[in-house]
Amino acid sequence: MKKTFLMTALAMSMGSAFAQSSVTLYGVIDTAYQHQTNATATGGTLNAVTSGSISGSRYGFKGKEDLGGGLYSLFTLEAGFNPNDGSRGQGGLAFGRQAFVGLGGDFGQLTVGRQYTPLFEHYGNFDPLWGISNVNESGFYLAYGTFRQNNAVRYAKNIAGVNFAAMHGFGNVSGSTSAGQLNGLQANYTAGPLLVGAAYQKFDVNASSSTNLGSTSNAMIGANYGFGPARVFFNYMDTKLSTGAKSDIATLGVNYEVTPLVGLVGAYYNDKTKSTTNVSGSRNTLALGLTYSLSKRTMVYTYVDRSKQNSGYSATAISAGSDLFGAPTTLTTRSNLMVGVRHAF
């Protein structure tokens, strides 16, 4: 349950000319027991308590001020953490998930700071696993593109019923206007129970000097459709590196409301890769989840997945984060079982 605090005391101390503003404190705590087979390149079983599988744990603050005439200001500061040991997420950044400020009105909304990229926002609509799973094996596609961007300027507006957004992320690299920068677009449209969308982004690899080391581009198209207690999902992402390596990921899935308290989710991911020397590989992941809501804010859940990759995938995976083992091995499969609890406030 989000807590909203009306900033009347500040407004009174600064004078009555200021418009009404509010700040909302919110968060999620998600943690789970995990059982994993073939946990490393040499095998072995992992039994652990981890950050949960439905969503990353976080706390944050959102603020909005009515400036009059349809104009408003806004900000978000959001930090990630690992509830199993209390450590910070996102490499220990103070607000590693999001940190931005901006203005909005009839012209649209303009925000500046550390923000989610078109890739992440697109998958949030078209991934069947709770809008992007927090498990590496089913969320591996995030390794194929930047999903948070520092120094980013984002513009969003609804144009003729189409939600449109564009982003430019500055690389902040002296002597180069391209190294470390990101450019992206996304759009989605709702027609009754149907949501369709597309996105594109290109990231130029950063460097410690003005040398540009290459680029990664992601093009995505997706749809989801609801009927009765079910909603089906489809997404396709084409990823290309400037080296010539590429990946094509197809996603299919379904959400099904068994009862108002019980939900089922299922997802299938197929990744086909090709190296710069035209060596091909493939990986398949099947994931299932069951949730039971104890209240509007608290649920318990169980999650299982199984992934299999062929011998060519390890050699052709365009990101070490998508390879199951990240090192040469004869192993080809990995499975996860997670049982957890999630509380939102």
Side-chain angles (χ1 to χ4, degrees), residues 28 30-40 45-57 119-120 122-145 147 220 222-226 229-237 239 247-258 262-273 281-293 299-310 313-314 317 319-326 331-342:
V28 173
D30 186 349
T31 191
Y33 160 76
Q34 180 183 25
H35 174 82
Q36 184 180 85
T37 65
N38 288 337
T40 70
T45 298
L46 172 69
N47 291 284
V49 174
T50 70
S51 188
S53 62
I54 291 182
S55 53
S57 297
L119 181 153
F120 188 93
H122 175 87
Y123 261 102
N125 288 322
F126 302 109
D127 188 314
L129 286 182
W130 306 294
I132 303 181
S133 159
N134 197 44
V135 183
N136 289 337
E137 281 66 40
S138 50
F140 68 94
Y141 53 80
L142 292 178
Y144 281 176
F147 59 94
M220 296 146 278
N224 68 58
Y225 182 81
R231 181 167 289 272
V232 293
F233 295 78
F234 164 78
N235 191 71
Y236 173 80
M237 180 170 75
T239 299
S247 158
D248 295 292
I249 300 177
T251 303
L252 294 172
V254 63
N255 292 180
Y256 187 83
E257 185 181 273
V258 181
V262 179
L264 288 172
V265 298
Y268 170 73
Y269 304 88
N270 173 257
D271 184 13
K272 296 185 182 297
T273 56
S282 66
R283 167 185 168 163
N284 295 280
T285 296
L286 178 66
L288 300 170
L290 172 68
T291 60
Y292 180 78
S293 296
M299 69 167 57
V300 291
Y301 62 85
T302 185
Y303 163 94
V304 294
D305 70 42
R306 180 171 176 80
S307 300
K308 183 175 183 178
Q309 63 186 43
N310 64 17
Y313 187 82
S314 185
S319 170
S322 68
D323 184 6
L324 286 174
F325 305 102
L331 300 175
T332 60
T333 63
R334 173 179 289 170
S335 298
N336 280 292
L337 166 66
M338 300 182 78
V339 179
V341 58
R342 180 185 188 271

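Among residues two or more places apart in sequence or in another chain, the ring-ring contact (aromatic ring centres under 6.0 Å, His included) test is passed with Phe147 by Phe120. Legend: residues meeting side-chain hydrogen bond (donor to acceptor under 3.5 Å, both in side chains) with Thr285, ordered by chain and number and at least two apart, are Arg283, Ser307. For Tyr225, the side-chain contact (heavy atoms from CB on, under 4.5 Å) criterion is met by Pro193, Leu194, Phe227, Val232, not counting sequence neighbours. Residues forming a ring-ring contact (aromatic ring centres under 6.0 Å, His included) with Phe126 (at least two apart in sequence, or on another chain): His122. The ring-ring contact (aromatic ring centres under 6.0 Å, His included) check on Tyr123 picks up Tyr141, with sequence neighbours excluded. Checked against salt bridge (Lys or Arg N to Asp or Glu O under 4.0 Å), Arg231 has no partners two or more places apart in sequence or in another chain.
The CG atom of Asn38 sits 7.5 Å away from the OG1 atom of Thr45 when rounded to the nearest 0.5 Å. Interatomic distance, Thr40 OG1 to Phe325 CZ, rounded to the nearest 0.5 Å: 8.5 Å. Distance check: Leu129 CG to Ser53 OG gives 9.0 Å after rounding to the nearest 0.5 Å. Here the straight-line distance linking atom CD1 of Ile54 with atom OG1 of Thr31 works out to 12.0 Å at 0.5 Å rounding. Expressed to the nearest 0.5 Å, how far CG of Leu331 lies from NZ of Lys308 amounts to 12.5 Å. Here Gln309 contributes atom CD and Leu324 contributes atom CG; the two are 4.0 Å apart, rounded to the nearest 0.5 Å.
Checked by atom type and distance alone, the side chain of Asn235 never pairs as donor or acceptor with a backbone atom of Asp127 at under 3.5 Å. Proximity of a side-chain donor or acceptor of Asn255 to a complementary backbone N or O of Pro128 within less than 3.5 Å is detected. The backbone N or O of Asn336 sits less than 3.5 Å from a side-chain atom of Asp305, completing a donor-acceptor pair. Arg342 places no side-chain N or O within 3.5 Å of a backbone atom of Met299 that could act as its donor or acceptor partner. Between the side chain of Thr302 and the backbone N or O of Met338 there is at least one donor-acceptor pair closer than 3.5 Å. A distance-only check finds no donor-acceptor pair linking the side chain of Ser282 to the backbone of Asp271 [under 3.5 Å].
The two atoms that bring Leu252 and Phe234 nearest to each other are CD2-CD1, 3.7 Å, heavy atoms only. The nearest pair of heavy atoms linking Arg306 to Ser335 is NH1-OG, 3.2 Å. In terms of heavy-atom proximity, Ser55 sits nearest to Val28 at OG-CG1, 3.5 Å.
A 4.5 Å side-chain heavy-atom check between Thr251 and Phe233 finds every atom pair outside the cut-off. Between Ile249 and Phe140 the shortest side-chain heavy-atom distance falls below 4.5 Å. For the pair Leu264 and Leu288, the minimum side-chain heavy-atom distance is 4.5 Å or more. Two residues are said to be in side-chain contact when any heavy atoms from C-beta on lie closer than 4.5 Å; Ser247 and Thr273 meet this criterion.
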side-chain hydrogen bond (donor to acceptor under 3.5 Å, both in side chains) between Asp30 and Tyr301, worked out: CA-CA 10 Å; Asp30 186 349; Tyr301 62 85; 2.5 Å; yes

